[in-house]
Amino acid sequence: MKFHSTKNKQQKVSLRTALLEGLPADNGLYVPETISPLPETFFQELPEMTLPELSFQISRHLLGEVIPASALKELLEKAMNFSVPVVDIKPGISMLELFHGPTLAFKDFGARFMAGLMGYFVQNSSKTLRILVATSGDTGGAVASGFLGTPGIEVIILYPQGKVSPLQEKQLTALGQNITALEVKGTFDDCQAMVKAAFLDPEVQQHLWLSSANSINIGRLVPQSFYYFAGFRQLKAKGKPIVACVPSGNFGNLTAGLWAQKMGLPIAHFIAATNRNDVIPTYLQSGRFEARPSVPTISNAMDVGNPSNFARMDYLFEGVHEKMADAISGYAYGDQQTRETISRIMKEHTYLLDPHAAVGYLAAENYLTKNPNHQVMVLGTAHPAKFLETVSPLVEQELVPPERLARLADEPKESVLMENQYAPFKDWLLSLDKP
């Protein structure tokens, strides 16, 4: 399998190049040369497959035989070693819980897969690979955990000061070893712009070996397609058309679902659920994509005003607005609606939503008013305990975070304070290998 930029189909590269470069030189995004349907035998055997088994079949199909089968299987057995349950909340709405991994967020799928893949490719290199990551919440923690202690790789995480939850921040700043956190005086969009600028800077590229673990990297999206198949097989018996409702920020998660659909997974429709940062829902309605500064919300991982993966979505639909609008419905909600939903669903169904899943749940309810015969699978992207300060007052009970999260609370925070400009970030990067 070869990959090329969304801006240039002719310049094809290998998986290793696409993965380790992260971003093409033309500032596009890497996409697979082709995405073909999986064989019918895969879908016949899907109900009996474990998560590592189905992940292996999909990886082999998308990536080819670049990695020996034995190494890929070992990688996936280690990376995909947690459950992906579907929980029915009420008729027509189920939650695909993606937060049972080590950092309690769906980003564990991509981060652990990428760590294994990159570790395989750099194992015989004498140079240090540095991973640049911009995070609005869960990405940084998952990448930090996934890459912690990986030989030959250092991780640099940029996060917006004061705009991630306290426990999320500890997941970025309390691990040490090969993980460094930069606390940026700005927004996620500032962090993302700084990372992109570094990839396009010839001087930085000359001095440092850089890659990315954001969803701009092709390696993140491949494993995010796995759980669509895992969720589908649990809901197929309901006998209804299955709709995937995706709480969305940078839109890598939804893009991976579209790829799963291209591989033959019979998802009937997609719902893009956002907070006030509603660039994509606005585009779906108007046909105009207008990036704008992000607005802080309680569903902070979705606070993205210029979602990178729109480029992949636009490419997939051949730049035709009508095609995308036919495949995806967009909904957006404010913080007050989000809070009310968390409280209401706890009272009515004793199910605890985090602020991101609450946005998805609202979108699912609205979608079903016009499509009552569909089954909506909402992607539960993060454990509610990661948002104790927001969620606890709404459900009138004390929440106890899982032990692997709670133990970080008392760990010391270590971060480097950084202005939200590229120049000081560049200077800091160039200082890394100086004696």
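Computation of the quantities below employed the complete heavy-atom set of this structure, encompassing side-chain atoms and omitting hydrogens, waters and symmetry-equivalent molecules.
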Is any side-chain heavy atom of [Y] closer than 4.5 Å to one of [X]?
| X | Y | answer |
| --- | --- | --- |
| Ser392 | Phe387 | no |
| Asn300 | Lys163 | no |
| Leu129 | Met118 | yes |
| Leu258 | Met313 | yes |
| Trp259 | Leu316 | yes |
| Met418 | Pro424 | yes |
| Gln177 | Ile179 | no |
| Leu51 | Leu76 | no |

Could you check whether [Y] and [X] have their ring centres less than 6.0 Å apart?
| X | Y | value |
| --- | --- | --- |
| His100 | Phe106 | no |
| Tyr367 | His269 | yes |
| Tyr283 | His321 | yes |
| Phe310 | Phe251 | no |

Are a donor atom and an acceptor atom from the side chains of [X] and [Y] found within less than 3.5 Å of each other?
| X | Y | result |
| --- | --- | --- |
| Thr341 | Thr338 | no |
| Ser308 | Gln192 | yes |
| Tyr351 | Asp88 | no |
| Thr187 | Asp190 | yes |
| Tyr422 | Asp201 | yes |
| Thr297 | Ser299 | yes |

### Query
When you look at Gln261 and Tyr228, which way does the side-chain hydrogen bond (donor to acceptor under 3.5 Å, both in side chains) test go after all the steps?
CA-CA 9 Å; Gln261 188 184 53; Tyr228 284 90; over 6 Å; no

Regarding [X] and [Y], does a basic nitrogen lie under 4.0 Å from an acidic carboxylate oxygen?
| X | Y | value |
| --- | --- | --- |
| Lys9 | Glu33 | no |
| Glu154 | Arg130 | yes |
| Lys185 | Glu419 | yes |
| Lys386 | Asp354 | no |
| Asp303 | Arg276 | no |
| Glu365 | Lys90 | yes |
| Arg344 | Glu348 | yes |

For [X] and [Y], indicate whether the former's side chain and the latter's backbone hold a donor-acceptor pair under 3.5 Å.
| X | Y | value |
| --- | --- | --- |
| Arg112 | Gly146 | no |
| Thr369 | Asn366 | yes |
| Asn217 | Ala213 | no |
| Gln285 | Thr282 | no |
| Ser211 | Leu20 | yes |
| Asn277 | Gly305 | no |
| Gln234 | Val84 | yes |
| Asn178 | Ile153 | yes |
| Ser83 | Pro85 | no |
| Arg312 | Ile216 | yes |

### Stepwise side chain to side chain contact (heavy atoms under 4.5 Å, CB included) test for Phe121 and Val66
CA-CA 10 Å; Phe121 282 129; Val66 178; 3.9 Å; yes

So, for [X] and [Y], which heavy atoms are closest and what is the spacing to 0.1 Å?
| X | Y | result |
| --- | --- | --- |
| Phe199 | Leu23 | CB-CD2, 3.9 Å |
| Met302 | Thr274 | CE-CA, 3.6 Å |
| Ile93 | Ala364 | CD1-CB, 3.9 Å |
| Thr135 | Gly140 | OG1-N, 3.0 Å |
| Gly119 | Thr150 | CA-CG2, 4.3 Å |
| Ala142 | Ala111 | O-CB, 3.2 Å |

Spacing of [X] atom [atom1] and [Y] atom [atom2] [to the nearest 0.5 Å]:
| X | Y | atom1 | atom2 | result |
| --- | --- | --- | --- | --- |
| Asn8 | Lys12 | CG | NZ | 8.5 Å |
| Leu62 | Lys262 | CG | NZ | 11.5 Å |
| Leu362 | Asn275 | CG | CG | 12.0 Å |
| Trp428 | Ile156 | CH2 | CD1 | 4.0 Å |

### Query
Only one of Cys245, Ser248, Pro247 forms a side-chain contact (heavy atoms from CB on, under 4.5 Å) with Leu254, so which one is it?
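Only match with Leu254 under side-chain contact (heavy atoms from CB on, under 4.5 Å): Ser248.
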
### Criterion side-chain contact (heavy atoms from CB on, under 4.5 Å) against Val222, the qualifying member of Leu15, Leu19, Leu63, Ile58
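By the side-chain contact (heavy atoms from CB on, under 4.5 Å) criterion, Val222 pairs with just one of Leu15, Leu19, Leu63, Ile58: Leu63.
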
### Task
May I have the step-by-step check of side chain to side chain contact (heavy atoms under 4.5 Å, CB included) for Ser59 and Phe113, ending in yes or no?
CA-CA 10 Å; Ser59 300; Phe113 180 82; 3.8 Å; yes

Residues, nucleotides or ligands: over 12 heavy atoms within 6.0 Å of [X] [atom1]:
| X | atom1 | result |
| --- | --- | --- |
| Lys78 | NZ | no |
| Lys240 | NZ | yes |
| Lys426 | NZ | yes |

### Query
What's the verdict on side-chain hydrogen bond (donor to acceptor under 3.5 Å, both in side chains) for Ser94 and Gln375, showing C-alpha distance, side-chain angles and the deciding distance?
CA-CA 8 Å; Ser94 302; Gln375 177 69 36; 2.9 Å; yes

### Message
Is the ring pair Phe43/Phe229 parallel, tilted or perpendicular, if the boundaries are 30 and 60 degrees?
### Response
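The arrangement is tilted - the two ring planes meet at 30° to 60°.
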
### Message
Could you go through Tyr333 and Tyr361, starting from their C-alpha distance and side-chain angles, then the distance that decides it, and tell me whether this counts as ring-ring contact (aromatic ring centres under 6.0 Å, His included)?
### Response
CA-CA 11 Å; Tyr333 304 96; Tyr361 190 93; over 10 Å; no

### Query
Checking ring-ring contact (aromatic ring centres under 6.0 Å, His included) for the pair His356/Phe99: CA distance, chi angles, key distance, verdict?
CA-CA 12 Å; His356 308 79; Phe99 47 75; over 10 Å; no

